[in-house]
2 protein chains.
Amino acid sequence: MTTSSIDQRVSLAVSTVIFALRPHPDTGLMTLWLPLVRRIREPYEGMWALPGGPLEADEDLAASAQHTLERTTGLAPNYLEQLYAFGNVDRSHSDTVGYRSSDRVVSIVYWALVRQDEVARAVDGENVEWFVADDLPPLAFDHAQIVDYALARLRAKITYTPIAHAFLPTEFTLADLRAVHEAVLRTTLDPANFRRQALATKTLVPTGTCLQGTSHRPPALFRFEAGAPTPAPEEQR
Amino acid sequence: MTTSSIDQRVSLAVSTVIFALRPHPDTGLMTLWLPLVRRIREPYEGMWALPGGPLEADEDLAASAQHTLERTTGLAPNYLEQLYAFGNVDRSHSDTVGYRSSDRVVSIVYWALVRQDEVARAVDGENVEWFVADDLPPLAFDHAQIVDYALARLRAKITYTPIAHAFLPTEFTLADLRAVHEAVLRTTLDPANFRRQALATKTLVPTGTCLQGTSHRPPALFRFEAGAPTPAPEEQR
DNA sequence: CCAAAAGTGTTATCTTTACACCCATGG
DNA sequence: CCATGGGTGTAAAGATAACACTTTTGG
């Protein structure tokens, strides 16, 4: 009952919403960025789209997302989670007219977190460009809604799951961690209360060392403690 | 970049975990049940599996889940949400040996809530049978893990989202609603506190009428108030 | 008038939030 | 010795949990 027929006009792709933090060009404040790829064929030729590709026959879904990430940024993700499977019949030709309805595509979309400083500069430039996540150009297909959804999920999840460290090096201060939360959520957070909440999660281990050269009291450095491994597919609460 | 090649050995299926409440055969307590379908071909012939089928070319994903539901129970779901896309290369031949690796199948799994009293008796019997969700026979493929995941999601979600009403008729008492929560979560809940919490969500509207003939004080009847419509694909928080 | 559940009230406890204040360093 | 964030303390406000108590029906 679960096996499927062979020749259907439905093809399967895996796309990935890749987030990184970098200063906003105008304000200088830390903001979310993501890489897009310029389409080189119809439909939506010339427009920007999420990186991705067809699912290979011998490839796991998450592996496909990882390969896309490697191709686009030159790195492995610090965090990777399935977002949603988008597969409505009409999603290829949403509001643009004039295109013949192409083959139907079901996209399984992942979202990932990487460190901007790790991104290989070399990969950039070709057909890949990074954009401020909240200020994107018009996107191909339904990718704008997908990004919105990924943003919502990231912002929700960072409030109840320790994923912020995925934007940071292995050792970091509580101010660093707080800066990530503030950038993602676009708020300011009380340093005192944030500290207590963060420590209460029991996911931070003090390294014992302090960061030096700060023109003020040296802040303690922490490391992220793995805790229990991921349970079911992904913890989505 | 998102479009896919044509002839890959990957086929797409949609399965659905359908939940309903019914008294437990031993204890008589309300419990979660779900329908399974007996497989009539290899692999896993004769074993029980989640209802589902191949995705039709002109069918939306959620529509496919609805059609499965209609076929299996004779009704439309009161609640339907995408659970996860399972697509690991090895998931067909998990731990059973002796089967040639069949075509690879990616399953997009939905979960649904229905009212047991609405289920058409007729549909039952054929190859469909209902089981206590926490006490299932061995299942085909990776369906046991999928059900576990669906159960976890339902139990998590009922605590912070008003979905319990999907098990109830349009008019119900707070005791009814509490009984649903207790059955799903397998606990007892304080009636006084439950009442306040439920009313605090602002999703319940009193009908003005009371249920009569109870051998005690007649409880007020409520109706579920839709509230804001579903935002992004599905609210997964 | 008794049992049983509906519904309201009250208090203790825990969590969240705001903000005062001391600490340690570089300049 | 001063500016700057690091780090601790604390009290008000809000949410949660436990449970006493009053209400309204059927038998």
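In what follows, chains carry the letters A, B, and so on, assigned in the order in which the sequence lines appear, proteins first and then strands, with residues in each chain numbered from 1.
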field: Short side-chain N/O contact to D:dT8 OP1/OP2 from A:R196, under 4.0 Å
entry: no
- prompt: Looking at the side chain of B:A175, which of D:dG6, C:dA18, C:dA6 is the nearest nucleotide?
  reply: C:dA6
- request: Check the distance between C:dT15's P and A:Q197's CD and give it to me in whole angstrom.
  value: 12 Å
query: For the side chain of A:H216, counting heavy atoms from C-beta on, which of D:dA17, D:dG7, D:dG6 is nearest?
result: D:dG6
message: Can you confirm whether B:L34 sits close enough to B:L136 that some side-chain heavy atom of one is under 4.5 Å from a side-chain heavy atom of the other?
response: yes
- prompt: Between C:dT17 atom P and A:F194 atom CZ, what is the distance in whole Å?
  reply: 13 Å
- request: Taking the side chain as every heavy atom from C-beta outward, state whether A:P25 and A:V132 have any pair of such atoms under 4.5 Å apart.
  value: yes
- prompt: CZ of A:R195 versus P of C:dT16: gap in Å, rounded?
  reply: 18 Å
- request: Using a cut-off of strictly less than 4.0 Å, decide whether A:R178 has a side-chain nitrogen or oxygen near OP1 or OP2 of D:dG6.
  value: yes
message: If we check side chain to side chain contact (heavy atoms under 4.5 Å, CB included) with A:I18, which of these qualifies: A:T73, A:V119, A:L75, A:L80?
response: A:T73
- prompt: Taking for each residue the nucleotide of DNA chain C bearing the nearest heavy atom, is the 5' side occupied by B:A192 or by A:D190?
  reply: B:A192
- request: Could you tell me the separation between the CZ atom of B:F222 and the P atom of C:dA6, rounded to a whole number of Å?
  value: 11 Å
message: My understanding is that only one of A:F19, A:F167, A:W130 makes a side chain to side chain contact (heavy atoms under 4.5 Å, CB included) with A:Q116; could you say which?
response: A:W130
- line: Picking from C:dG7, D:dA18, D:dT8, the nucleotide nearest the side-chain atoms of B:N193 would be D:dA18
statement: The nucleotide from D:dT23, C:dA4, D:dG26 with an atom nearest the side chain of B:R217 is D:dT23
For atom CG of B:L174 and atom C1' of C:dA4, their distance in whole Å: 17 Å
field: Nearest-Å distance for atom pair CG/P, residues A:D176 and D:dG5
entry: 14 Å
statement: Per nearest nucleotide of DNA chain C, the residue lying toward the 5' end, B:L199 or A:Q212, is B:L199
- prompt: Taking the inter-plane angle between the rings of A:Y149 and A:Y84 on a 0 to 90° scale, is it parallel (under 30°), tilted (30 to 60°) or perpendicular (over 60°)?
  reply: perpendicular
